[in-house]
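From a predicted model like this one, the values you see are computed outputs, not experimental measurements.
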Amino acid sequence: MDALRRYDTLLKLPPALARLLPFLRWPRPSAEALRRDFWAGFSVGLVLIPQALAYATLAGMPPHTGLYAALLPAVIGILWGSSPLLAVGPVALTSILTFGTLSPMAAPGSAQWVALAIWLAIYAGIIQFLLGALRLGKVAYLVSQPVVTGFINAAALIIILSQLPQLLGVRLSAADPAASLARLLSPSPAAWMTMVFGAGALLLLLAFKRFLPRWPGILVVTIAGIAASRLVDYGGHGGAIVGALPSGLPGLSMPPAIAWESHQMLWPAALILAVISFTEAMSSCRVLARRQNTPWDENQELIGQGLAKVASGFSGAFPVSGSFSRTALNLYAGATSAWASLIAVACVVLALLFLTGLVSYLPLSVLAAMIMVPVFSLIDVGALRRLFRVSRDDGMVALVTFAVTLAFAPRLHVGVFAGIALTMVSFLYRRTHPRIVEVGRHADGTLRDRSRFALPPLSPDVVAVRMDSALNFLTAASLERAINAACAARPQTRRVLLSASGINDIDASGADMLAALHENLRGKGMELHLSAVKKQVWDVLERAGMIEAIGTGHFFATDREAMAALQDGGAAQNARLDALSEGE
């Protein structure tokens, strides 16, 4: 953000204008930069055309709406976003979320389905826009990495399974596996042809990805699929093809009317879609920022992504997002600015004006292969194993999210809700069980865990405790119980030291607990001392009157001062006790 402000100052832009019209920040391109942007945009545009068709079918929408989603939404997203090389448009994850949300509500491809998808895009866009306008971009972090990992792995499996019938030309049913197996073993002539096209496209795409990663494999397979389809009359022999597409540019129109109950059903799904799709876009923005050493503003990106979704709805299309694969291709192809994305959009415009006749011959089995191959890379079992290795709690969150997403498919947002809920439960559990240890003097002169390092107490009459957590309504009772238990275990205790070096925050409940602990210890003839109290904690204690109540002499600036004072005091007190014993 500071870098952006400095840049705005350099361009002499008022801050309000820079936020309202962020594309005014674009630097004037050189001829060389424009040349690189043209070829990068052209490369991305050629890939975007078949991908847009494929992701539209994945979302259950008419294929041409994928091209609509790649036009105005892409322009709006790049003009009002903060990351100039982020490719905005149809993506697999948002498309499968759209399909999962609408499956219980309408038939795929129907007029009602299209109307619901339009409203879903608008609602998700409004949510993102409001989050960005109110500078609440951090809300997206509520979807933790374990939730994202579990969800993406489950969504990838669902996407692959959903494309198998289209890839093989055979209707598969989980309710009747025997009949599905029979259809696979004895396919019809049309199914045979579909399998050949689908399997051939799948193998070609995998070969390009493995052996010729620099080649535009999707474009080559698309051209080959169209040519072969026309040559053998694929559609005439029963193969499913894209079919006739409306040529020309889409017009903007008001969204169609739907029932009030349908609006209510869309709201929670729109919230999940807004957060998940932004999480996907954020990953691309972070990569771009690291690679180019440029800043990006998550709130401005939310505004751009939100407006892009709204524009997609008013274009008659479905929700869009930032594409990781096309953004990576932008970088690889040498794009230098947002002009590359505008060139890619121009390619889609040309396709809608002049190529719809040719695209109509494209087999749907080839589109299914185009969907499946990029999704294979989303399956990352190793990420789940790493989560369990690092944190069992995070691993369980990812596993539960994965299982619930699969179990409730196609209602995928249920898995995300479950993951977020479990994350919150895990978070609260960890916060209500802080690490509280009794400490002693280590050889290096610091206070360390007595049980871990087998350390003696500071002094026979001293109990020293440290808590590594905020002292608040969640942890106060745990700290009080730990101190009381330590004192009860050592009846000779006369002084209690709370090493506050690990306490970064304190609330009213924490201050009240310390007041009660001080009074309770004083009633038993004990003293409470605190060391290494941080400023923000000191300020709260001072406002609560605790500094005066406990006494400034019972506070030590550092743990070393506390050790020196309490150990010396302990030795003197023991000497007095020994003298008293001898006198008796």
Legend entry - Least distance between heavy atoms, N153 atom then V381 atom: OD1-N, 4.0 Å
Inset, instruction - Locate the shortest heavy-atom distance separating M546 from L514; write the atom from each residue and the value. - result: CE-C, 3.8 Å
Legend entry - Pairing of R441 and D559 as salt bridge, 4.0 angstrom limit: no
Inset, instruction - Assess whether atom CD of Q264 is packed by more than 12 heavy atoms of other residues, nucleotides or ligands within 6.0 Å. - result: yes
Legend entry - Heavy-atom side-chain proximity of L541 to I550 below 4.5 angstrom: no
Legend entry - Sidechain-backbone polar pair: S426 side chain, L422 backbone, donor-acceptor under 3.5 Å: no
Legend entry - Inter-residue atom distance R452.CZ - H442.NE2, 0.5 Å rounding: 8.5 Å
Inset, instruction - Apply side chain to side chain contact (heavy atoms under 4.5 Å, CB included) to the pair L497 and L530, showing each step before the final yes or no. - result: CA-CA 6 Å; L497 171 65; L530 287 88; 5.8 Å; no
Legend entry - Reported CZ-to-CG distance for the pair F324 and L86, which is rounded to 0.5 angstrom: 11.0 Å
Inset, instruction - Answer whether the closest heavy-atom distance between the side chains of F151 and L93 falls below 4.5 Å. - result: yes
Inset, instruction - Give the intermediate values and the outcome of side chain to side chain contact (heavy atoms under 4.5 Å, CB included) for residues I371 and I159. - result: CA-CA 8 Å; I371 292 171; I159 290 172; 3.6 Å; yes
Inset, instruction - Taking atom types as modelled, find out whether T446 and R448 have a side-chain donor-acceptor pair closer than 3.5 angstrom. - result: yes
Inset, instruction - Verify salt bridge (Lys or Arg N to Asp or Glu O under 4.0 Å) between R490 and E438, making sure each step is shown before the conclusion. - result: CA-CA 12 Å; R490 289 168 49 200; E438 190 175 349; 2.5 Å; yes
Inset, instruction - Provide the closest heavy-atom pair for T423 versus S144 in the form atom of the first, atom of the second, distance. - result: OG1-OG, 3.5 Å
Inset, instruction - Compare all side-chain heavy atoms of T94 with those of I276 and state whether any distance is below 4.5 angstrom. - result: no
Inset, instruction - Apply the test salt bridge (Lys or Arg N to Asp or Glu O under 4.0 Å) to residues R543 and D539: give CA-CA distance (whole Å), side-chain angles for both, the deciding distance (0.1 Å), then the verdict. - result: CA-CA 6 Å; R543 289 196 297 270; D539 290 343; 5.2 Å; no
Inset, instruction - Keeping the roles fixed (side chain from R431, backbone from L474), state whether a donor-acceptor pair exists under 3.5 Å. - result: no
Legend entry - Heavy atoms of other groups near F388 CZ, more than 12 under 6.0 Å: yes
Inset, instruction - Answer yes or no: does atom CZ of F453 have more than 12 heavy-atom neighbours from other residues, nucleotides or ligands under 6.0 Å? - result: yes
Legend entry - Residue pair E261 / H263, side-chain donor-acceptor N/O under 3.5 Å: no
Legend entry - Approximate separation, where rounding is to 0.5 Å, of L273 CG and S321 OG: 8.0 Å
Inset, instruction - Calculate, to the nearest 0.5 Å, the distance between atoms CE and OG belonging to M372 and S162 respectively. - result: 8.5 Å
Legend entry - Under 3.5 Å: donor-acceptor pair, side chain of N484, backbone of C487: no
Inset, instruction - Decide, yes or no, whether a salt bridge links D380 with R386 under the criterion of side-chain N to carboxylate O below 4.0 Å. - result: yes
Legend entry - pair L447-R560: side-chain heavy atoms closer than 4.5 Å: no
Legend entry - Note, S478 side chain near P434 side chain (heavy atom, < 4.5 Å): yes
Inset, instruction - For L498 and H529, run side chain to side chain contact (heavy atoms under 4.5 Å, CB included): C-alpha distance rounded to whole Å, both residues' side-chain angles, the deciding distance at 0.1 Å, then the answer. - result: CA-CA 6 Å; L498 173 59; H529 302 264; over 6 Å; no
Legend entry - Any I272 side-chain heavy atom under 4.5 Å of V414 side chain: no
Legend entry - Separation between CZ of F318 and OH of Y55, rounded to the nearest 0.5 Å: 10.5 Å
Inset, instruction - Mark yes or no for whether R450, through its side chain, and G440, through its backbone, hold a donor-acceptor pair below 3.5 Å. - result: no
Inset, instruction - Give a yes or no answer on whether the side chain of E527 reaches the backbone of R494 with a donor-acceptor pair at less than 3.5 Å. - result: no
Legend entry - Side chains of T401 and V148 in contact at under 4.5 Å (non-hydrogen atoms): no
Legend entry - Non-hydrogen side-chain atoms of D505 and V537 separated by less than 4.5 Å: no
Legend entry - S277 and Q128: side chain donor to acceptor below 3.5 Å: yes
Legend entry - Least distance between heavy atoms, V91 atom then G322 atom: CG1-O, 3.8 Å
Inset, instruction - For the pair S323 (side chain) and A87 (backbone), establish whether a donor and an acceptor sit closer than 3.5 Å, ignoring hydrogens and angles. - result: no
Legend entry - Derivation of the side chain to side chain contact (heavy atoms under 4.5 Å, CB included) call for M526 and R522: CA-CA 5 Å; M526 303 180 194; R522 190 167 65 174; over 6 Å; no
Legend entry - Verdict with reasoning, S391 to D393, per side chain to side chain donor-acceptor pair (under 3.5 Å): CA-CA 5 Å; S391 169; D393 291 347; 5.0 Å; no
Inset, instruction - List the atom of N330, the atom of L85, and the distance in Å for their closest heavy-atom pair. - result: ND2-O, 3.2 Å
Inset, instruction - Kindly say whether A59 contributes a backbone atom to a donor-acceptor pair with the side chain of S95 at under 3.5 angstrom? - result: no
Legend entry - Separation of D394 CG from L384 CG (nearest 0.5 Å): 11.5 Å
Legend entry - Donor-acceptor pair, side chain of K309 and main chain of Y123, under 3.5 angstrom: no
Inset, instruction - Keeping the roles fixed (side chain from E561, backbone from F556), state whether a donor-acceptor pair exists under 3.5 Å. - result: no
Legend entry - Residue F376 excluded, over 12 heavy atoms near CZ under 6.0 Å: yes
Inset, instruction - For residues R326 and P90, report the shortest heavy-atom separation together with the two atoms involved. - result: NH2-O, 3.0 Å
